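This report concerns only the one structure given below.
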Amino acid sequence: MDTGPKLRRQMNPRYRANWFSILTFGWTLETFKFGYSRDIKDSDLYAPLPEHRSHDLGNSVEKAWEREVEIARTREKNAKPSLWLVIFKVFGSEFMLYGLILAAMEFLIRLQQPLFLGLLLRYYSPIQDANIGNLTMSSTYLSRLFNYYEIDSSVTWGEAVFFAFGIVFCSTLNVMVQHPIMMSIMHLGMKIRVGMCSLIYRKALKVSLQVISENSAGLVVNLMANDVNRFDSGPIFAHYLWIGPLETLLMTVYLYREMGLPAIYGSLVLIVAIPFQIFLGCQTAYYRKATAVTSDERVNLMKEIIIGIEVIKMYTWEKPFQRIIDIVRRHEIHYIKMTSYIRGVIMSFIMFISRFAIFFTVLLYVTFVGQITVENVFFLTSYYNITKQTMCLYFPQAIGQIAEMNVAVQRIRDYLISEECQIQPRITSEDKSQKESTRKRVRVDVKEKKPQLHSSVSQSDAGTSQTKTRDKNKETFKQIAVQFDEAGTKWINSDKKGDVENLNLTIYSETMAIVVGSVGSGKSTLLHLILKELPCTTGSVEVNGIVSYASQNPWLFVGSVRQNILFGQPYKKARYVEVCKVCALERDISLFPHGDKTVVGERGLSLSGGQRARINLARAVYKEADIYLLDDPLSAVDTHVAKHIFEECIKRFLSNKTVLLVTHQLQFIKSMDQVIIMDKGKIIAEGGFEGLSDRELKILEFIQENAKETHEDESAPALQGSSIQPSTISLHGRHYSVLIDTSLIDQKPESESQTIGRVKGSVYRDYFLSGASCPCVAIVCVMFFLAQFCASACDYWISRWSAVEDRLTGDATMDIAIWDEQRLVRNDFVIIFAVITTATIVVALIRAFLFFSLCMKSSIRLHDNMFESISRSPMNFFHSNPSGRVLNRFSKDMGAIDELLPQAMIDCFQIMLNLVGVITVILLIDIALLIPILSALIIFYILRVIYIRTTGAVKRLEGITRSPVFSHVNATVLGLATVRSFDAEFLLAQEFDRHQDLHSGAWYLFISCSRAFGYFLDVICLMFIICVTFSCLMKTEFEGSSIGLAITQCISLTGIFQWGMRQSAEMENQMTSVERVLEYTKLPREAALKSEPNKKPPPDWPSQGRIDFEDLSLKYSPDGNLVLHNLQFSILPKEKVGIVGRTGAGKSSIIAALFRLAYLEGAIIIDGIDITNIGLHDLREKISIIPQEPVLFSGTMRKNLDPFDEYSDEVLINALKSVELQGEGESVGVLYKDVSEGGSNFSVGERQLVCLARAIVHNDRILVLDEATANVDAQTDSLIQNTIREHFKECTVLTIAHRLNTVIDSNKILVLDAGRLVEFDHPHILLQNKRGQFRKMVQETGPSMSNLLHKLASQNYKKSKI
């Protein structure tokens, strides 16, 4: 669906890297070097690795899922297929291999490190001197490890050096193994996510329209925006769910042998915490599920708001929608806040649980066993530091992430098992001829089945009629193309009554059939039954042949005009040119700046309604098919264009095809072979035109009395601000050859801007201060410092206490002297240690709660500010930014700010302060270590600068490359019926895979750089451990307690520190989401909503409804071209003014001017007040509008009529009665009828009637109708016109004319051409001007209609003069 050739990307250097480069992350150095020198751009991204290509992963997961579905069907009745099993079957073996390697590293390497440390500290023990003489040289170094618990033996200097090497070796191996394994697990998580996304999208291509009606389209976007992200984080620590508890048991065995029973009690503290952590993890899952539901709801609401923003602005509904969003947002934030508090408690465990376990063990040991040694304390500390990492960091994260991933898996599973559209295998052109003989052949007497057409056929039909007569002389065999047998269906499964019922209909091949009926009678539903989009709840539908379909609401995607017409079909020049010609597109294409390579915006917003309809029709006609289903393609085009399309396209180009035309343009009914009339979901009549006329059905009588004609609407507002704005020269200079001109350059769609450089400090300031004042932020900072001070004090105090205990000899006199020297006794050490430990626990928890509260307040305020800014943005912002881009801010970016950013921040702040604590403790022991510390810090800083510069740009690219994925999914769901009717599922799936591969390239680059950065930091930490360990070994004057403290503190940095530094970078990367949201809080704004007190209009303004345009010009963007030029005219109170003009004349721009939706020059005076001087709401709430494209919002009918709750039920019910939307026997219940997303459970005509009811409720002095009767039948059109005449007779009414007969009785007609006023007077007077433009337009409607319009204008003129 995208334009232009695909960019060939460089191969990822990881693909050709050798094993050493992979293990040491050497292949990433090129990226870091490149990223430091300049910002990485889209074109710099590498091609995806073969192993994570979206297409291949999607295929693997889809096959496994299909097998699982088959297996589930063979189980008990209500068994659901397991998505977990599917994931395990596809990725399980690789995942388990990584787990075994991780376990080997933890059990065989990390658990041995404390033994080396204990033996090294024994070298400094006071018993060393006493036992030095008993040494025998026969024992080997390694055997000392196995005889560790023989505490009588002393350690030589050579052995001490060996044990120091052992400490370093364990740390080295840990670093060398852990990072490549973690990288592989992250890559695996990414592959699961890519496979799941591909599976979800493929399901979205198959899902039933009923499911979409019940579960809105936003569900798919949310599954891809939020739920699948759990696969990126879920598997990382998953193995620690079993490694952690096993490691704790092994550690308990080691400690028991060293310290006896107290060690078991100490371990029990850790073991007791496990169920508590599991409980917290399950609570996290519960709140995560609730968050997902409320997030779905909020994103759906935002999608509706963004799509219907123009209507919301014109109705001044920004505030009620803000209230609705606020309510949903408050619920969402409540669940997120609870999740964050739980995470805060879990994160605080890192600070206090191991320290509390040490305190508890030491207290029991000195109370019941005896004096404790330095070796005991640091052997204990070293083990608890290991379990602190596995049980307090990795284990709870694993529980939370697996629980959240389980929620995501269940939600995805529920979507995957939702009902699919039962589309038959399509008959391809190759096997069509083979299947011809096996198809059902029916011998038909054509004369009986199709009565002779009415005698008054138009002249242009003569040739066609003669041809048919010749065909009828031959006895022919006609195949059944479509057959309904008691068929019925409904859009919403829970509805008791079907939308169409008991349909019996046969349509033969090569038949021109027309379907007519009132609004909501089931015409479009009939077509959806043929397409198999809706399942038959009763009866059956048989379709023979390839089907092509043009939807009622034109569906266009972001791509060139040519791509929209071809839609994956091969380009055949002759057919393409012919189709464009018969669909009346040649002139339009010649006016586009890039011809047919001009890019149309999302949903075709940059084209006029008529252009959208004709491109939509051209796509259907270009496809070579047997049956063409055309759903009201003529309603949005001029009369002469409609006539051209009917004669040239439907009657001539599709003459030998089966055509089923749904239309309200009933002047064509006589030319059709078969007429089908529907009412209230049933076929009430069917046959040839003459046969139906004889039955004198009310609907046809009404049609014959109310002949109609149409005029095409002009360009949508987006045109003026878009790239499809033709220059004056091009209007005359271009030729149709533009259609096939290969020299034209493909136009590129406008891309999203990418911020460059690092995140500024002002972004952090704005983030924190948006949630609280400076003193509150300062208090949170103080609590962070206080928590770290308490934690470091704990470590220092146990070291000091153990040093004193180590010096005790057992001699009472000597021991008393030692205690006197400290001025403290053992109980004092215990009490102080208890106080510090308790303070650590309390302060850590308070700090977590305060911090997360601050983050939530900031998140709430940022969302509110962004929503307010978006709702106040001018319309040209929405024309230049696709909805996917805006939705990305509200889904992905807000999700990051709500959940990921606070987590990264608390990790970063906590671990950075931990580093400060470690450095302080080490410097207190040996100031000489300042040199390696400073060297390490400088290297850390340099690495971080390089890393942030590289990954900051990559992270922004990741956000930008994700937007097209969402836009593509949105577009697909909106045009699902069209996509499936063109068999374009494979084409769109390929396109989705391309978008996802581009995103995968950015994501893989990000996780590779992130893990490489962690690896390089751990290597520096390793160097630091070597410096500290061997510098301590060189100095024998140090006490064992000081050396033990220094080494354990350094070792604790490994892993934790690189995680903290990466989290600091992650925090900065997540701050790009804050930056992107802040960018949307500072968008250009419309004028003030409320007037200044001295300029506020009177409450009863406008009391008369006079409108004066004074030298008014309009443009849609500040630097755009003028669309309206110096308009000067006046509309008197209560006048009914029709606005007419050809495509692009500027008719809808008059509305934009009245509602101030664009940039005005000059003035519009309403009842003596210049509208440019008053507030937008003061203006807009006084003008009622019935828009061209009716917009309904999900909720109840009442909320759609009166979101402010200003009117009583009675007023609203009366309004619905006036437009005949209240059925017999319905009372207040009709107000609380559910409205699906976008009003999809109402027909287009019914939606238009709801908009009319809104206008009746408001009862403003000025009413604007923007081609309001374009998509309705004659009867509904008459209802709308009569209602307007009855309810708005005292109002000034401006009608943008689609059908001249609807405005011929106006007081005046305003004729526009190219944005300039051409004529303005009573229609009768304008018709007297033989060279006038209005007269020309009337003549184009045909002789009979022209005469009727002249007559009506004359009668109306005479009435006005009486």
Side-chain angles (χ1 to χ4, degrees), residues 48-100 184-208 211 215 219-220 222-239 241-242 285 288-289 292 398 401-421 965 969 985-986 989 992-993 996-997 999-1000 1003:
L49 289 173
E51 60 202 274
H52 62 234
R53 285 191 188 279
S54 178
H55 176 260
D56 299 339
L57 287 168
N59 284 347
S60 303
V61 175
E62 190 178 35
K63 282 175 188 169
W65 171 251
E66 285 170 355
R67 279 198 299 272
E68 177 60 22
V69 170
E70 287 299 320
I71 293 165
R73 282 181 188 147
T74 61
R75 296 191 205 126
E76 61 265 23
K77 195 175 180 184
N78 294 320
K80 291 182 178 179
S82 169
L83 189 56
W84 276 116
L85 267 177
V86 170
I87 293 169
F88 191 78
K89 283 174 185 173
V90 179
F91 305 102
S93 54
E94 187 182 348
F95 180 65
M96 290 311 297
L97 173 66
Y98 298 144
L100 291 173
S184 300
I185 294 173
M186 287 172 83
H187 188 197
L188 180 68
M190 170 191 158
K191 290 194 283 189
I192 297 172
R193 172 176 55 75
V194 170
M196 282 297 126
C197 281
S198 195
L199 184 62
I200 291 166
Y201 183 75
R202 292 176 192 198
K203 175 68 180 184
L205 290 170
K206 300 175 192 169
V207 78
S208 159
V211 174
N215 303 312
L219 174 65
V220 185
N222 219 327
L223 288 176
M224 290 197 184
N226 292 319
D227 291 82
V228 294
N229 293 342
R230 307 297 156 202
F231 296 115
D232 282 321
S233 54
I236 298 174
F237 301 118
H239 285 298
L241 282 175
W242 62 275
R288 171 69 207 128
K289 190 169 187 176
Q401 287 169 353
I402 291 292
E404 288 182 15
M405 191 159 75
N406 186 49
V407 172
V409 165
Q410 300 312 322
R411 276 164 54 82
I412 293 167
R413 193 273 314 272
D414 290 345
Y415 179 70
L416 292 175
I417 60 174
S418 58
E419 191 178 344
E420 292 187 4
C421 182
V965 177
V969 172
E985 296 97 322
F986 181 69
F992 176 80
D993 290 337
Q996 199 166 223
D997 282 344
H999 175 255
S1000 294
W1003 179 255

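By convention here, the first residue in the shown sequence is residue 1. Here the structure is a predicted model, which means the values were calculated and not measured.
Side-chain atoms of D997 come within 3.5 Å of backbone atoms of S54 as a donor-acceptor pair (strictly under, hydrogens ignored). Remark: the backbone N or O of Q996 is paired with a side-chain donor or acceptor of S1000 at under 3.5 angstrom.
Interatomic distance, L97 CG to L188 CG, rounded to the nearest 0.5 Å: 10.5 Å. How far CG of D993 is from SG of C197: 10.5 Å, rounded to the nearest 0.5 Å. Between the CG atom in L199 and the CE atom in M196 there is a gap of 5.5 Å [rounded to 0.5 Å]. Between atom OG of residue S60 and atom CZ of residue F91 there is a gap of 7.0 Å, rounded to the nearest 0.5 Å. In this structure, CZ in R230 is found 10.5 Å from CD1 in I412, a value given to the nearest 0.5 Å. Atom CG of residue N229 and atom CE of residue M224 lie 11.5 Å apart, to the nearest 0.5 angstrom.
Between W242 and G99 the shortest heavy-atom distance is CZ2-O, 3.8 Å. The minimum heavy-atom distance between D232 and I236, with the atom names listed, is O-CD1, 3.6 Å. Contact record, I192 with P235: CD1-CG, 4.4 Å, taken as the closest heavy-atom pair. The heavy-atom pair separating V61 from G195 by the smallest distance is CG2-CA, 4.0 Å. Here the shortest heavy-atom pairing between E68 and S82 reads OE2-N, 3.1 Å. Residue R411 comes nearest to D227 through the heavy atom pair NE-OD2, 2.6 Å, listed as atom of the first residue, atom of the second, then distance.
Side-chain contact check for L223 versus Y201: every heavy-atom pair is 4.5 Å or farther apart. Using a 4.5 Å cut-off on side-chain heavy atoms (C-beta onward), I200 and F992 make no contact. Between F231 and V194 there is no side-chain heavy-atom pair separated by less than 4.5 Å. Between I417 and P81 there is a side-chain heavy-atom pair separated by less than 4.5 Å.
A cation-pi contact links R193 to W1003, judged by a cut-off of 6.0 Å to the six-membered ring centre and 45° from its axis.
Between the side chains of Q410 and N406, at least one donor-acceptor pair of N or O atoms lies under 3.5 Å.
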- Would you sort out whether F237 and I402 count as a side chain to side chain contact (heavy atoms under 4.5 Å, CB included), showing the intermediate values? CA-CA 9 Å; F237 301 118; I402 291 292; over 6 Å; no

- K63/R67 under side chain to side chain contact (heavy atoms under 4.5 Å, CB included): CA gap, chis, key distance, verdict: CA-CA 6 Å; K63 282 175 188 169; R67 279 198 299 272; 4.1 Å; yes

- Item | CA sep, side-chain torsions, deciding dist, call: H239, F95, side chain to side chain contact (heavy atoms under 4.5 Å, CB included) | CA-CA 9 Å; H239 285 298; F95 180 65; 3.4 Å; yes

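The residues E66 and R202 are annotated as not salt-bridged, no charged nitrogen and carboxylate oxygen being separated by less than 4.0 angstrom.
By the 30° and 60° cut-offs, the orientation of the rings of H55 relative to F986 is perpendicular.
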